[in-house]
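Beneath this line is the structure, given in structure tokens, with notes to follow.
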Amino acid sequence: MQETRLDTARIRAARRVIDPVFLDTPLYRCEALEPGLGCTVSIKLETANPVRSFKARGTEVVASLLADHASQAVVCASAGNLGQALAWSGRGRGLDVTVVASRFATRAKLDRIRALGAGLELVDGDHEMARERAAAIARYDGIRLVEDSLDIETCEGAATIGLELVGTTPSFDTVLIALGGGALATGVGHVVKALAPEVEVICVQPLGAPAMTHSWRRRRVVTTDSTDTIADGVAGRHPIPAVLDDLLLVADDAVLVQEASIIAGMRMLLDHAGLVVEPSAALGIAAILEDRDRFAGRHVVTIVCGSNVDVDAYHRWVGAAPLHTS
């Protein structure tokens, strides 16, 4: 494999600085999902931790490095999950954390960021506007800007999930990874391609937020003017060139899925796995639903990456009645 920005030795070392509460998350075959999907399905459950997403694997690495620096202040832009994770990791290491987010972000995520003790600044725009504001704060105050996916620590922290996947028995032949900024996809993809190159790495993004997928397909950065998806955690418009370069080396495919399939995936995870997940976490199931023939006969692992969802919105999307009746 050609070299990405990531380093497998550093990824192994990251496990030593990440709080064990975020490591070795459940991985299990979910047979109840299989009749509706037509393939063997295993779930890697990245929601069983204090911030209910995989993001703290990366922020733990960032915070462990910052704790040794003279400056104890840090700022990031977030759709919600990174902000919670950085607030959690920073609180444990005495860091002064500021999170910039869209005021239209999921309220539950914003409330949790405040509850974890971080400062929260809201902007009247989307995540890209929040990124611009966070960068401005970092320049003005002279503090560390954490840029998800660009900062290698966020990718290598997420990559520890890959280490936990490749050592499993029985082995799997496909991994489905939610694609947003790219930290999760490039991190897990790097480890899988380095240690289990026969496994197919497929990234999944909403049709309403396709910038990174279009960029992967065209092998150059493609931006979009807007996004239109309930999967706010992956709704970026401006891919980062260095992250795209890594993705081009580790992803075998990048696919787009419809909103209806995302909702159906959320519903299946509720009905058949007992999991309440945010839309981004259902992208893998959505990909199978839209192309059952492709995955027939395979053993697929899907990473359930987050469960920070607005309860009212969740009920609107998923409803209260069972999906299947006997």
Mark yes or no for whether R57, through its side chain, and I18, through its backbone, hold a donor-acceptor pair below 3.5 Å. no
Quick one, L179 and V234 - any side-chain contact, counting heavy atoms below 4.5 Å? no
Nearest non-hydrogen partners of A185 and L247, listed with the distance: CB-CD1, 3.8 Å
Does the side chain of L86 reach to within under 4.5 Å of the side chain of I113, using non-hydrogen atoms? no
Can you name the nearest heavy-atom pair linking S42 to R29, along with the distance? OG-CA, 3.6 Å
Heavy atoms only: give me the nearest T227-G236 pair and the separation to one decimal. CG2-O, 3.8 Å
I want to check something: taking the side chain as every heavy atom from C-beta on, are L269 and M266 in contact at a cut-off of under 4.5 Å? no
Test: D124 and R133 ion pair at under 4.0 Å: no
When you compare the side chain of R15 with that of D24, does any pair of heavy atoms fall below 4.5 Å? yes
Tell me yes or no: between the side chains of T8 and H190, is some donor less than 3.5 Å from an acceptor? yes
With a 4.0 Å cut-off, would you call E278 and R52 a salt bridge? no
Separation between CG (D253) and CH2 (W216), nearest 0.5 Å, reads 5.0 Å
If the threshold is 4.0 Å, N to carboxylate O, is there a salt bridge linking K55 and D148? yes
Residues T174 and R298: closest non-hydrogen pair is OG1-NH1, 3.1 Å
Measure the OG1-CZ distance between T302 and F172 for me, rounded to the nearest 0.5 Å. 11.5 Å
Only one of M268, H272, E290 passes side-chain contact (heavy atoms from CB on, under 4.5 Å) with I285, and that residue is M268
State whether the side chain of N308 and the backbone N or O of A108 hold a donor-acceptor pair below 3.5 Å, judged by distance alone. no
Heavy-atom side-chain contact between Y314 and L270 under 4.5 Å: yes
Salt bridge or not for E156 and R10, using N-O below 4.0 Å? yes
Whether the side chain of E153 engages the backbone of V61 through a donor-acceptor N/O pair (distance < 3.5 Å, no angle test) should be reported. no
Point-to-point distance, once rounded to the nearest 0.5 Å, from CD of E147 to SG of C76: 10.5 Å
Can a donor-acceptor pair be found, under 3.5 Å and without considering hydrogens, that links the side chain of D126 to the backbone of M129? yes
Find out if a path of hydrophobic residues (ILVMFWY) with successive side-chain heavy-atom gaps under 4.5 Å connects L275 to L33. yes
Shortest non-hydrogen pair, P50 vs F22, comes out as CD-CE2, 3.6 Å
If you count heavy atoms of other groups shown closer than 6.0 angstrom to CZ of R114, is the number above 12? yes
Taking R237's backbone N and O only, do any of them form a donor-acceptor pair with T223's side chain (distance below 3.5 Å, no angle check)? no
Under the side-chain contact (heavy atoms from CB on, under 4.5 Å) criterion, do S171 and H299 qualify, and how do the steps go? CA-CA 8 Å; S171 60; H299 183 176; over 6 Å; no
Please round to the nearest 0.5 Å and tell me the distance separating atom CG of L66 and atom CG of D96. 11.5 Å
Can a donor-acceptor pair be found, under 3.5 Å and without considering hydrogens, that links the side chain of Q84 to the backbone of R112? no
Output yes when a side-chain donor or acceptor of S89 lies under 3.5 Å from a complementary backbone atom of A63, and no otherwise. no
For a side-chain contact (heavy atoms from CB on, under 4.5 Å) check, start with the C-alpha distance between T4 and T186, then their side-chain angles and the critical distance, and finish with the verdict. CA-CA 9 Å; T4 68; T186 59; over 6 Å; no
To the nearest 0.5 Å, atom OG1 of T25 lies from atom CG of L165 at 8.0 Å
Salt-bridge test for D232 and K109: reply yes if a basic N is under 4.0 Å from a carboxylate O, no otherwise. yes
Is there a side-chain contact (heavy atoms from CB on, under 4.5 Å) between E46 and I161 once you walk through the steps? CA-CA 9 Å; E46 287 297 306; I161 298 169; 3.7 Å; yes
d(D246 CG, E3 CD) to nearest 0.5 Å is 11.0 Å
Can a donor-acceptor pair be found, under 3.5 Å and without considering hydrogens, that links the side chain of S102 to the backbone of G125? yes
Does P206 reach the side chain of E259, with side-chain heavy atoms less than 4.5 Å apart? yes
Quick check on D252: does its CG atom have over 12 non-hydrogen neighbours (other residues, nucleotides or ligands) under 6.0 Å away? yes
Between I202 and F295, is there a side-chain heavy-atom distance shorter than 4.5 Å? yes
One pair to check against side-chain contact (heavy atoms from CB on, under 4.5 Å): V21 and W88. What are the steps and the verdict? CA-CA 12 Å; V21 75; W88 195 95; 4.3 Å; yes
State plainly whether one hydrophobic cluster holds both I288 and I263, where clusters connect Ile, Leu, Val, Met, Phe, Trp and Tyr through side-chain heavy atoms under 4.5 angstrom apart. yes
Side-chain heavy-atom pair V243, R5 within 4.5 angstrom cut-off: yes
Tightest non-hydrogen contact, residues A235 and A209, listed as CA-CB, 3.8 Å
Tell me whether N49 contacts the main-chain N or O of S53 through its side chain, where contact means a donor paired with an acceptor under 3.5 Å. yes
